[in-house]
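Below, all heavy atoms of this structure are taken into account, side chains as well, without hydrogens, waters or symmetry copies. In what follows, residues are counted from 1 in the order of the sequence shown. Atoms within each ligand, like the ligands themselves, are counted from 1 in listed order.
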Amino acid sequence: MQPKQVLIKNAKIVNEGSIFEGDILIEGDLIKEVGESISAKSSNVQVFDAEGKYVLPGVIDDQVHFREPGLTEKANIETESRAAIAGGITSFIEMPNTIPQTTTIEKLEEKFAIAAETSYANYSFMFGGTNDNLEEILKVDTKTVAALKLFLGSSTGNMLVDNPKVLEEIFSKVDMLIAVHCEDEATISANLEAFKEKYGDDIPVKYHPEIRSEEACYLSSSKAIELAKKTGARLHVFHLSTGKETHLFSNKIPLKDKKITAEVCIHHLWFTDADYEKKGTFIKWNPAVKTEKDQDQLWKALLDGRIDVVATDHAPHTLEEKQNIYTQAPSGGPLVQHALPAMLEMHHRGKISIEKVVEKMSHNPAILFQVEKRGFIKVGYYADLVLVDLNNPWTVNKENILYKCQWSPFEGTTFKSRITHTFLNGELVYQNFKFNDVKAAKRLTFNR
Ligand SMILES: O=C1C[C@@H](C(=O)O)NC(=O)N1
């Protein structure tokens, strides 16, 4: 029997800096042909008219927390990967601050096994570093796992790596990309104590960016960069939140040759400290959402190439947890379903082109992590494709939120753009708020 083919006709194909009107032929799980006008040559072709729609390579999100195992009251791999697919994120890289933490090969394999059973999207994981697991880190097969994650500032999961000798050893010996959460712990603690003296535990949430301050971020990021330069480690700095940090990064080197790269997240591009009054702890993140001036500089660095990728840091907590007072409400919020619509909304506002959105959310994560055959619309690549209607407004509300935690910092927001269809490895897995019952997700592989 001939392999199944899908022919997507009349699409506006967004790829590698241009928009091209044409067709995409999928055979099995791969893209077989991309051209101006492709006609169906076999009888086993499903033709799909994408007239008026944009086709983007599926987004690769390099930082998500899906909470499984151990924290499944907040989320799990199945629920959040479904939400990701509805949001045009076809591949995700998940973080190690679960319970138990992903700090041994055995725990890592357990996560891969859960994802193989339940994930709706393509998956990989980061291995977690601690103050005392260097031996285990060195056993990781670097070809099969996305990267090593180090918390250089404390956050959910108590995974702070704060022993300078251990850090230097990790940076010197580990032959794997090291992704870091940078916030200086001593600075944060001193700031917190000062605010506690004045307010007790009920500190107004608007002071979060003064506690998790610009200085805390800058000190930690610059130390990590210094260490990477000294040791030659391959460093990726997660979720920049301050303008000051953007000056630590270069746009003079092509991404594939960079030794030091940077990420910015949706919430730091969308919200500012003016939003704390309305959204309160629901926009409490680590690092904190900061000023409009910081946000302007993050945008500038994103567009000029000092920041390489846009991710979500999707980090759900239950509604109940988030309703606590400042000192007890955990940091983080769910984003995978709304990240691409939010970036396309920024496009509507004139902040960024669609081509750049694709570069920062699909192409660059693939290049940066050396993801094999994904992130581009190219012959021989996996057919992870997202169809977008740029003029089909919808409002985020409780009825259409797919996260297990059932809330979103975007509730009440109307997005002009709608993700109408998601193809994963050649299969149409999602259309118009409905999932098709096909299992198509694969483990990510890497060209290393
Ligand atoms: O780095 C992180 C961790 C995350 C979480 O809750 O896991 N929440 C955050 O706000 N930042």
Side-chain angles (χ1 to χ4, degrees), residues 61-77 79-80 92-103 111 125-126 128-130 147-162 178-185 188 192 205 208-209 211-213 216-217 220-221 224 236-242 245 262-271 273 275-276 279-290 309 311-324 326-336 339 403-405 407-409:
D61 189 348
D62 80 355
Q63 192 192 175
V64 304
H65 303 264
F66 283 176
R67 309 302 194 198
E68 193 174 1
L71 294 161
T72 50
E73 71 285 1
K74 299 175 196 277
N76 63 48
I77 292 177
T79 54
E80 309 312 281
F92 65 84
I93 296 173
E94 208 266 348
M95 296 299 114
N97 57 338
T98 43
I99 300 177
Q101 298 166 344
T102 321
T103 51
K111 268 195 177 179
F125 296 95
M126 286 201 191
T130 67
L148 175 71
K149 164 81 184 276
L150 300 179
F151 281 90
L152 305 184
S154 63
S155 203
T156 307
N158 299 321
M159 291 190 74
L160 183 66
V161 184
D162 58 357
I178 302 174
V180 286
H181 174 132
C182 288
E183 285 184 289
D184 184 68
E185 203 54 27
I188 297 170
L192 184 61
V205 64
H208 189 48
I211 294 167
R212 297 232 164 208
S213 62
C217 296
S220 178
S221 301
H236 182 49
V237 183
F238 271 162
H239 43 44
L240 296 194
S241 64
T242 67
E245 287 168 289
E263 173 205 87
V264 66
C265 289
I266 297 296
H267 40 295
H268 296 118
L269 293 174
W270 184 281
F271 298 106
D273 57 359
D275 296 308
Y276 285 114
K279 301 261 176 190
T281 51
F282 290 93
I283 60 161
K284 181 187 180 204
W285 271 283
N286 299 333
V289 164
K290 298 195 172 62
V309 301
T312 64
D313 190 10
H314 174 89
H317 297 283
T318 65
L319 198 60
E320 213 179 0
E321 290 168 322
K322 289 297 269 185
Q323 280 165 339
N324 275 314
Y326 171 75
T327 45
Q328 277 143 42
S331 295
L335 285 163
V336 284
Y403 311 128
K404 186 161 191 214
C405 66
W407 66 272
S408 158

Among protein heavy atoms, which sits nearest to atom 8 (N) of ligand 1, and what does the distance come to when rounded to 0.1 Å? S331 O, 3.0 Å
Matching residue for H317 among K74, E73, H65, K284 - test: side chain to side chain donor-acceptor pair (under 3.5 Å): K74
Is the F151 to H181 ring centre distance short of 6.0 Å? yes
Ligand-side contact atoms (ligand 1) for residue partner H65, heavy atom cut-off under 4.0 Å: 3 (C), 4 (C), 7 (O)
Run the contact test for R67 against ligand 1 with a 4.0 Å cut-off on heavy atoms, strictly below, and give the result. yes
Decide yes or no for Q323 and W407: does some side-chain heavy atom of the first lie under 4.5 Å from some side-chain heavy atom of the second? no
D62 versus M95, closest heavy-atom pair with distance: O-CE, 3.5 Å
Can you find an N/O atom of K284 closer than 3.5 Å to an N/O atom of ligand 1? no
Any donor and acceptor pair, going by atom type alone, linking the side chain of H314 with main-chain N or O of V336 inside 3.5 Å? yes
Nearest to atom 9 (C) of ligand 1 by heavy atom, N97, T156, N286: which? N286
Under 4.0 Å from a heavy atom of A315: which atoms of ligand 1 are those, numbered in the order shown and with their elements? 4 (C), 5 (C), 6 (O), 8 (N)
Salt bridge or not between R67 and E80? Use side-chain N to carboxylate O under 4.0 Å. no
Would one find an N or O of G332, backbone or side chain, under 3.5 Å from an N or O of ligand 1? yes
Around atom 3 (C) of ligand 1, find the nearest protein heavy atom and jot down its residue, atom name and distance. S155 OG, 3.3 Å
E263 side chain near V237 side chain, heavy-atom distance below 4.5 Å: no
Say whether H317 and ligand 1 are in contact under the criterion: heavy-atom distance to a ligand atom below 4.0 Å. yes
